[in-house]
Undergrad: 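Handing you this structure, nothing more for now.
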Protein chains: 2
Amino acid sequence: MARIKIDKNSSRKEVIVSKAAGLFRERGFKAASMRDLAESVGVEAASLYNHIKSKTELLHEICFGVANRFMHKMDEVESSSIPAIEKVEELIRFHIDEMINHYEEVYVSDREWKHLSDPYLSNFQTQRRMYRKRFAAIIEAGIRNKEIKNIDAPTAVLILLHAIGGIESWHRSTQKINASNLTDNMITILVGGLELK
Amino acid sequence: MARIKIDKNSSRKEVIVSKAAGLFRERGFKAASMRDLAESVGVEAASLYNHIKSKTELLHEICFGVANRFMHKMDEVESSSIPAIEKVEELIRFHIDEMINHYEEVYVSDREWKHLSDPYLSNFQTQRRMYRKRFAAIIEAGIRNKEIKNIDAPTAVLILLHAIGGIESWHRSTQKINASNLTDNMITILVGGLELK
DNA sequence: ATAATATACTAACGGGTGTTAGCAAATAAT
DNA sequence: ATTATTTGCTAACACCCGTTAGTATATTAT
């Protein structure tokens, strides 16, 4: 009888969520079936329901797990007393880091949150909107302090966040430059584009 | 008997493709059903098949329509004799313009091409890879001419293209700045990030 | 007016979906 | 060793999917 293998620090549910993230990333939430997931976990589809409530719950777990990490970082950065441009850089570095090290989850959270259902959906959207507002506020502070070019802050945020999403392509490319080189290049372009010199 | 309404310059098939783009953008290719599409066109699902071969064909039409426009523009820009940094700016402007004026199609082509099936899938991927290579080559030329910072060109391309994808968020936001302001801001940040001053 | 074509309809198909019920086996607790 | 709990299995459900066959009704061409 097949059994889901676990290591000491992760429950069976966590194993399933992790495998689900990989599958949702690869095929999209709708196209990835519970039977696919079961196979990738090494068990029959029905058995998954001993550990999870529904397919959607898997998406909740993934999306809010990611969202919480970003919110946490935002709290930390916001309350630190460094120049605005450095706050921006630290946030960008965190985004890049997350995208590199928790690729599947972050990607899914970014692209598949539409398939959440209420009340989770509106909850997620609100959190996302809040995050961007706070990010924009930092940029606006930087503009007032003449650290950052006089640009539309929400537009800047939107560019930054989506640009970082581009790491997806890096992940799949065959000739990758290494992660720290990638980070440096991104910082150069993005922070360089904002900075008022 | 319901009938698909057409204006002089668009066939019934084109009406369907256009509605499909809207639906695919909104819900994703897999989640949008032919019955949904039929309703949005104002007809029964089966009737669609008098005009199209399959659901996938709709995705072909959308993806390759977009891809061809970009390839065309690349041909034009490549063969013009202006500085590299200006070529980059022109391409960026074209991307922004396309994203603003053909939102649904471009968005779908960007995010849903995974659901194409071979031989279209590999065809599309190849075209995409080619496009990026040519874009990177322009940037590399700019680096050699000291117009552009010494950065990894493929990384720069990846950032640019994804950053422009961010216009998606602009489209959906309630408080939009106007399109030409948006373009100027994006150019400032992106071209400013590349330029060697 | 008649014939030919284009378009839409109803009904149904085979197949895939998420999920549940009921039972068996493995593990943990007593 | 016995009991309780966790985990997995088979079988099946109701539902939605893309698509086709066959037929009726508009539109266009003769």
Side-chain angles (χ1 to χ4, degrees), chain A residues 1-8 10-21 23-24 26-63 108 112 114-118 120-121, chain B residues 1-24 26-63 108 112 114-118 120-121:
Chain A
M1 224 170 187
R3 208 138 200 277
I4 301 177
K5 286 173 195 165
I6 56 174
D7 54 51
K8 205 160 193 178
S10 58
S11 67
R12 289 194 165 77
K13 180 169 177 176
E14 285 166 334
V15 171
I16 294 172
V17 171
S18 167
K19 288 276 185 186
L23 225 61
F24 293 169
E26 198 181 312
R27 311 194 189 169
F29 177 75
K30 275 282 174 184
S33 78
M34 294 303 279
R35 285 166 178 89
D36 291 338
L37 176 57
E39 187 179 350
S40 118
V41 170
V43 96
E44 291 301 315
S47 308
L48 297 171
Y49 289 84
N50 285 318
H51 307 281
I52 61 162
K53 284 199 288 291
S54 65
K55 186 185 183 184
T56 321
E57 192 205 358
L58 293 169
L59 193 57
H60 302 164
E61 298 272 347
I62 295 167
C63 289
V108 169
E112 306 290 333
K114 280 185 191 179
H115 299 102
L116 287 169
S117 38
D118 270 323
Y120 298 96
L121 177 59
Chain B
M1 220 169 189
R3 205 131 202 283
I4 300 177
K5 287 173 194 164
I6 57 173
D7 53 51
K8 204 158 195 181
N9 297 335
S10 59
S11 66
R12 289 191 163 78
K13 179 168 177 178
E14 284 166 335
V15 171
I16 294 172
V17 170
S18 166
K19 289 277 185 186
L23 223 64
F24 293 169
E26 198 181 314
R27 310 194 189 171
F29 177 75
K30 276 280 175 185
S33 78
M34 294 303 280
R35 285 168 178 87
D36 292 337
L37 176 57
E39 188 180 349
S40 119
V41 170
V43 97
E44 291 300 316
S47 308
L48 297 171
Y49 289 85
N50 286 318
H51 306 280
I52 61 162
K53 283 198 290 291
S54 65
K55 187 185 183 187
T56 320
E57 193 205 359
L58 293 169
L59 193 57
H60 302 162
E61 297 270 348
I62 294 166
C63 289
V108 169
E112 306 291 332
K114 279 186 192 180
H115 299 103
L116 287 169
S117 37
D118 271 321
Y120 297 96
L121 176 59

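A, B, ... follow the sequence lines: proteins, then strands. Residue 1 opens every chain.
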Undergrad: For nucleotides 22-28 of chain D, read 5' to 3', which letter fits each nucleotide if B means a protein heavy atom sits under 4.0 Å from the base, S means only the sugar-phosphate is that close, and - means neither?
TA: ---S-S-
Undergrad: Of all residues at least two apart in sequence or in a different chain, which pass the side chain to side chain donor-acceptor pair (under 3.5 Å) check with B:Lys55?
TA: none
Undergrad: Among residues at least two apart in sequence or on other chains, which ones pass ring pair (Phe, Tyr, Trp, His ring centres under 6.0 Å) with B:Phe24?
TA: B:Phe29
Undergrad: Tell me, please, which residues at least two apart from B:His51 pass ring pair (Phe, Tyr, Trp, His ring centres under 6.0 Å).
TA: none
Undergrad: Could I get the full list of side chain to side chain donor-acceptor pair (under 3.5 Å) partners for B:Lys13, not counting sequence neighbours?
TA: B:Glu57, B:Glu61
Undergrad: Mind checking ring pair (Phe, Tyr, Trp, His ring centres under 6.0 Å) for A:Tyr49 and listing every partner two or more places apart, or none if nothing turns up?
TA: none
Undergrad: Test of understanding: with side chain to side chain donor-acceptor pair (under 3.5 Å), list the residues that count as partners of A:Ser40, not counting sequence neighbours.
TA: none
Undergrad: Any chance you could list the contact pattern along nucleotides 16-21 of chain D? Use B for base contacts, S for sugar-phosphate-only contacts and - for none, protein heavy atoms under 4.0 Å, 5' to 3'.
TA: -BBBB-
Undergrad: Considering only heavy atoms of chain B and a distance under 4.0 Å, specify the first and last nucleotide of DNA chain C in 5' to 3' order that meet this criterion.
TA: C:dT7 to C:dA12
Undergrad: Not counting sequence neighbours, which residues clear side-chain contact (heavy atoms from CB on, under 4.5 Å) with B:Ser47? List them please.
TA: B:Val43, B:Glu44
Undergrad: Output the distance between atom CG (B:Asp118) and atom CG (B:Leu121), rounded to the nearest 0.5 Å.
TA: 5.0 Å
Undergrad: Restricting to side chain to side chain donor-acceptor pair (under 3.5 Å), what partner residues turn up for B:Ser54, sequence neighbours left out?
TA: none
Undergrad: Can you list every pair that meets salt bridge (charged side-chain N to carboxylate O under 4.0 Å, His left out) and has a residue in residues 27-38 of chain A, with sequence neighbours left out?
TA: A:Arg27-A:Asp36
Undergrad: Does a side-chain N or O of A:His51 approach OP1 or OP2 of D:dT6 to a distance below 4.0 Å, or not?
TA: no
